[in-house]
Structures are given as structure tokens and as C-alpha cells.
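Sharing a structure below in C-alpha cells format, with a few things to ask.
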Amino acid sequence: MSFVDAGGIRNFKVVYWGTGLAGKATNLGFVHRSLPIDQRSELKSLATPTERTLFFDAASRRLDARVHFFTIPGTVLYGKSRELILKGVDAIVFVADSQRERRDQNVSMLAMLATLDVPIVFQYNKRDLPNAAPVAELDEQLNPRERPRVDAVAVAGTGVLETLAAVVESLRTPS
């Protein structure tokens, strides 16, 4: 839930959500590198032997606000970490791994968001892989409400900034 800080700046929290190795950290790293240095904080990482949570905040001219970005651990072992990171969230970027064999993991991760009433932007990542499911199939499985969706290849930066623009727009015009 957004808040106004002591300096009168509105603050939003955006969480990049998805399965392990879906591309959440790749997305956030690309976004961080793409922003001017004077508009972003240092990219920080909380790492465990098997997962990491990345976070930073950035000024948003479009929102006249500050946006705090987080990734979540995608591994089931880190449920408590994910719960804490979701507290006060204003929008979610659901990074779906487009590989057909990741369908069940995508569906499970999406089910964890069922009780949240916040905007969700879907990013179908890894569209360049030969085993990527067709977009229509991913829409049917993950996005039947036809929320904003971006096709991406995060390792190449394709679709990453478009996803960012879609989530920022969702904060401007909440559903």
C-alpha cells in the first residue's frame, strides 16, 4: 500500500514474482542498469546458498514518486520471505517462465497471489526458447482476466522496459 514519507514523497512497492530461474533477477538488474544513476539507489542483494532477493528504489517522474522494487525467492523453501516481501505491495510483475515444462510451477506461484487485490502485469519470459508455450496457451493458463502482458527475453533486455512501463502505468491507474 503506497504511503507518503516525511518529505512528502509518495512511495510505491513493486514485487517481481515468479518461479525460481524465471528471470526476476535478470529483469530487475536490467531495469536498475537502465535508470540514470541519480534516479536510483544501489542494487542490494540478500543471498542464501540457493536463492537471493534483490531490491532497490528509484525516482519515477511518471508518478512523481519513489518506487521500491523487489524480487522474491522462487523456491518453495522461502515462503516466509515471500510473505514478508508481499506486505504492503502496490503492484506485481508476474515473471512467467514460458517453457512448457514450467507450467505447473507458474500456476502454483500465481495461486499464491489469489488473495491479493493489486494490479498484476504478466511478463512471459524466455520467448526465445524452442520449448516456449504459445502465448495463447499461457494466457489461458495464467491470464484469463486479460491483464497487461508483455512478451520478453530478459537476458537480452527485450520486453523488460516495456514491462516496467506497464507496471508504472498500473500504479497510475489502479484497477
Side-chain angles (χ1 to χ4, degrees), residues 1-3 10-35 39-40 54-72 74 82 85-100 102-129 132-175:
M1 172 185 279
S2 69
F3 66 93
R10 191 155 180 209
N11 287 258
F12 293 95
K13 183 176 187 180
V14 173
V15 174
Y16 280 67
W17 184 271
T19 67
L21 304 176
K24 303 173 303 289
T26 303
N27 267 276
L28 211 59
F30 188 90
V31 168
H32 185 265
R33 289 187 306 277
S34 298
L35 295 172
Q39 293 180 22
R40 61 177 164 87
L54 299 178
F55 58 98
F56 76 96
D57 60 277
S60 170
R61 290 187 179 132
R62 285 176 113 179
L63 295 172
D64 194 23
R66 181 160 292 287
V67 181
H68 305 271
F69 294 97
F70 292 83
T71 63
I72 57 98
R82 289 194 305 258
I85 292 168
L86 280 179
K87 284 190 186 277
V89 68
D90 294 295
I92 302 278
V93 173
F94 188 90
V95 181
D97 187 326
S98 291
Q99 297 176 90
R100 276 205 157 109
R102 300 301 298 271
R103 176 194 179 277
D104 291 343
Q105 292 98 331
N106 285 328
V107 170
S108 292
M109 289 301 289
L110 184 59
M112 293 178 196
L113 302 175
T115 61
L116 289 178
D117 185 23
V118 298
I120 298 175
V121 172
F122 286 86
Q123 182 193 80
Y124 297 160
N125 193 25
K126 304 184 181 182
R127 298 303 307 152
D128 59 327
L129 298 180
V135 169
E137 186 177 309
L138 292 168
D139 279 341
E140 183 180 316
Q141 295 162 355
L142 303 173
N143 192 15
R145 292 178 54 192
E146 299 180 359
R147 293 178 175 173
R149 173 194 28 90
V150 178
D151 295 343
V153 180
V155 295
T158 305
V160 175
L161 296 180
E162 293 84 352
T163 302
L164 175 63
V167 79
V168 167
E169 184 61 26
S170 78
L171 294 170
R172 291 178 66 190
T173 55
S175 55

- Query: Do Y124 and D139 have side-chain atoms, one donor and one acceptor, less than 3.5 Å apart?
  - Reply: yes

- Query: Ion pair present between K13 and D90, side-chain N to carboxylate O less than 4.0 angstrom?
  - Reply: no

- Task: Over all heavy atoms of both residues, which pair between L142 and L110 is shortest? Give the atoms and the distance, please.
- Result: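 In this case the closest contact between L142 and L110 is O-CD2, 3.2 Å.
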
- Message: Using side-chain heavy atoms (C-beta onward) and a distance below 4.5 Å, is T19 in contact with V95?
- Response: no

- Could E137 and R100 be called an ion pair, given the rule that one side-chain N must be under 4.0 Å from one carboxylate O?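 Here E137 pairs with R100 in a salt bridge, since their nearest N and O are under 4.0 Å apart.
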
- Can you tell me if CD on E140 sees more than 12 non-hydrogen neighbours from other groups inside 6.0 Å? no

- Message: For F122, give me all partners under ring-ring contact (aromatic ring centres under 6.0 Å, His included), at least two apart in sequence or on another chain.
- Response: F94

- Task: Indicate the atoms forming the closest heavy-atom contact of G159 with A152, along with that distance.
- Result: CA-CB, 4.2 Å

- Task: For the pair D151 and R149, find out whether any cationic side-chain nitrogen is under 4.0 Å from an anionic carboxylate oxygen.
- Result: yes

- Query: Is any side-chain heavy atom of Y16 less than 4.5 Å from a side-chain heavy atom of V31?
  - Reply: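 Y16 reaches V31 side chain to side chain.
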
- Message: Does any part of the side chain of S2, heavy atoms only, come nearer than 4.5 Å to the side chain of N11, both counted from C-beta?
- Response: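 Answer no - side chains too far apart.
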
- Message: Whether the S60 and R66 side chains hold a donor-acceptor pair (N or O, under 3.5 Å, no angle test) is what I'd like checked.
- Response: no

- Are any of the side-chain heavy atoms of I92 and V14 separated by less than 4.5 Å?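 Of all side-chain heavy-atom pairs linking V14 with I92, none is under 4.5 Å.
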
- Between G23 and N125, which heavy-atom pair has the shortest distance, and what is it?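 Result for this residue pair: CA-ND2, 3.6 Å.
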
- Message: Can you tell me which residue among D128, V160, L129 is in a side-chain contact (heavy atoms from CB on, under 4.5 Å) with V153?
- Response: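 The residue from D128, V160, L129 that satisfies side-chain contact (heavy atoms from CB on, under 4.5 Å) with V153 turns out to be D128.
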
- Task: Scan side-chain atoms only and decide if Q105 and D97 contain a donor-acceptor pair under the 3.5 Å cut-off.
- Result: no

- Would F56 and H68 count as a side chain to side chain contact (heavy atoms under 4.5 Å, CB included) if you check the C-alpha gap in whole Å, the side-chain angles of each, and the deciding distance to 0.1 Å? CA-CA 6 Å; F56 76 96; H68 305 271; over 6 Å; no

